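Reckoned from all heavy atoms, side chains included, excluding hydrogens, waters and symmetry mates. Fair warning: this is a prediction, and the values are worked out from it, not measured in the lab.
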Amino acid sequence: MQEAWLLFDEAALRLAADNPHGTMALSLPPLHRLEEIPDPKELLFKMLYSASGLRPGRLNRFHPSVRIHRLAELIEDFSPLRGLTAFQALEADLKALVTEQRWA
């Protein structure tokens, strides 16, 4: 599910693919449909490949798994995901853990 949560920030996705000014259409899924994607990792890889703008011969040196980690670091605001059931559950679990461990 985490890969699906990275499919909402087009600017960060382009930046993670090292092509922040790319103009190719990415057609990111609507936010409310992210949890319905059957294989979010595959879609995220495709989006990163597309966002890179690289020609087929150069794509073999493009490593989307590394870019996914960079993408997660580049997204500054995950609050748009708060409307998703799974994200709400994660957030509730984290809040409970922080309270339980008295970290805050």
* Decide yes or no for L54 and Y49: does some side-chain heavy atom of the first lie under 4.5 Å from some side-chain heavy atom of the second? => no

* Structure fact -> Looking only at heavy atoms, the pair that brings L84 and L31 closest together is CD2-O, 3.4 Å

* Taking all non-hydrogen atoms of both residues, which atom of S65 and which atom of F45 are closest, and how far apart? -> N-CZ, 4.0 Å

* Calculate, to the nearest 0.5 Å, the distance between atoms CD and CG belonging to E10 and L26 respectively. => 4.5 Å

* **Backbone N/O of K46 and side chain of S50: donor-acceptor pair under 3.5 Å** => no

* Salt bridge present between R70 and E73 (N-O < 4.0 angstrom) -> no

* Contact check, side chains of L6 and F78, non-hydrogen atoms, under 4.5 Å -> yes

* To do: To the nearest 0.5 Å, tell me how far L48 CG sits from I68 CD1.
  => 6.0 Å

* Below 4.5 Å, heavy atoms only, C-beta onward: do S52 and L59 meet side chain to side chain? -> yes

* Asked: In Å and rounded to the nearest 0.5 Å, what is the CZ to CD distance from R82 to E91?
  -> 4.0 Å

* Structure fact -> Applying ring-ring contact (aromatic ring centres under 6.0 Å, His included) to F87 and not counting sequence neighbours gives W5

* To do: Grab the two heavy atoms, one from F8 and one from P80, that are nearest each other, plus how far apart they are.
  => CE1-CG, 3.8 Å

* To do: Provide the closest heavy-atom pair for M24 versus G53 in the form atom of the first, atom of the second, distance.
  => CE-CA, 3.7 Å

* **Under 3.5 Å: donor-acceptor pair, side chain of N19, backbone of A51** => yes

* Evaluation steps, side chain to side chain contact (heavy atoms under 4.5 Å, CB included), between L13 and I75 -> CA-CA 9 Å; L13 202 143; I75 296 174; over 6 Å; no

* Do the side chains of P29 and I37 get nearer than 4.5 Å, heavy atoms only? -> yes

* Structure fact -> All heavy atoms of E35 vs all of T85, minimum pair found to be OE2-N, 3.3 Å

* To do: Dump the intermediate steps for side chain to side chain contact (heavy atoms under 4.5 Å, CB included) on L15 and L71, then the final yes or no.
  => CA-CA 8 Å; L15 191 57; L71 175 57; over 6 Å; no

* Derivation and outcome, side chain to side chain contact (heavy atoms under 4.5 Å, CB included), residues T23 and H21 -> CA-CA 6 Å; T23 58; H21 303 294; over 6 Å; no

* Asked: Under 6.0 Å from the CD atom of Q101, do we count more than 12 heavy atoms belonging to anything else shown?
  -> yes

* Mark yes or no for whether E3, through its side chain, and P40, through its backbone, hold a donor-acceptor pair below 3.5 Å. => no

* **Heavy-atom check, side chain of L34 versus side chain of L81, under 4.5 Å** => yes

* Structure fact -> Correct closest heavy-atom pair for D18 and R67 would be OD2-NH1, 2.7 Å

